[in-house]
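All of these numbers come straight from a predicted model, not from anything done at the bench. All residue numbers in this chain count up from 1 along the given sequence.
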Amino acid sequence: MEIQRLDTIPLEEQVALWNEAFADYLVPAAMTEASFTTRMEKLQQSPHESFIAKVDGEAAAIILTGTRDFGNTRMAWIGGLAVVPRFRKMGLSRQLLERLFVGYRGRVWMSRV
């Protein structure tokens with residue numbers, strides 16, 4: 001398993017991964033490139049701070065995140081986390097969350113700016 005930043009793959013692949021990972025979600029979550037980009041912008045999510053997981057070179061999971069200042073506190077949040085159905089039960093979500101927390105720990109996660 002390999003974790004890399006979301007912005008290391010083309011937008012077309014980001015959207016395809018999102019759509020495949022959310023294909024069986026209870027609420028329709030399929031997006032076009034335009035709606036994906038708009039969502040990222042409106043929720044102030046960052047492709048530089050977001051990640052994907054690959055298994056044997058194939059995109060298998062995605063986590064979208066962003067940061068924002070609220071008063072004197074910098075906050076981080078998750079704006080989407082999903083795993084492609086055939087890659088579920090492999091611990092990919094946990095590994096993505098751990099990578100995210102390691103990146104934020106001591107830097108922006110609920111710390112004073």
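- In this structure R5 satisfies the salt bridge (Lys or Arg N to Asp or Glu O under 4.0 Å) test together with D7, sequence neighbours excluded.
- When each of E13, M40, Q45, E49 is checked for a side chain to side chain contact (heavy atoms under 4.5 Å, CB included) with L6, only M40 meets the rule.
- Checked against side chain to side chain donor-acceptor pair (under 3.5 Å), E58 has the following partners two or more places apart in sequence or in another chain: R86.
- Here the CD1 atom belonging to I62 is positioned 11.5 Å from the CD atom belonging to E20, to the nearest 0.5 angstrom.
- Taking D56 as the reference, nothing meets the salt bridge (Lys or Arg N to Asp or Glu O under 4.0 Å) condition, with sequence neighbours excluded.
- Taking the side chain as every heavy atom from C-beta outward, I9 and Q4 approach each other to under 4.5 Å.
- Taking F22 as the reference, W18, Y25 meet the ring pair (Phe, Tyr, Trp, His ring centres under 6.0 Å) condition, with sequence neighbours excluded.
- Put simply, L97 and L43 are part of two different groups of oily side chains (I, L, V, M, F, W, Y) that touch within less than 4.5 Å, one to the next.
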Criterion side-chain contact (heavy atoms from CB on, under 4.5 Å) on M1 and M90, from CA distance to verdict:
CA-CA 10 Å; M1 198 274 309; M90 297 175 64; over 6 Å; no
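- Qualifying side chain to side chain donor-acceptor pair (under 3.5 Å) partners for R99, counting only residues two or more places apart in sequence or in other chains: none.
- Here the side chains of W77 and Q44 are in contact, with some heavy-atom distance below 4.5 Å.
- Rounding to the nearest 0.5 angstrom, the gap separating the CG atom in L81 from the CG atom in L96 is 6.5 Å.
- Under a 3.5 Å cut-off, the side chain of T67 and the backbone N or O of M75 do not form any donor-acceptor pair.
- A distance of 6.5 Å separates CG in L17 from CD1 in I52, rounded to the nearest 0.5 Å.
- Using a 4.5 Å heavy-atom cutoff, the side chains of L92 and V84 are not in contact.
- In this view, E98 and R94 satisfy the salt bridge (Lys or Arg N to Asp or Glu O under 4.0 Å) rule, not counting sequence neighbours.
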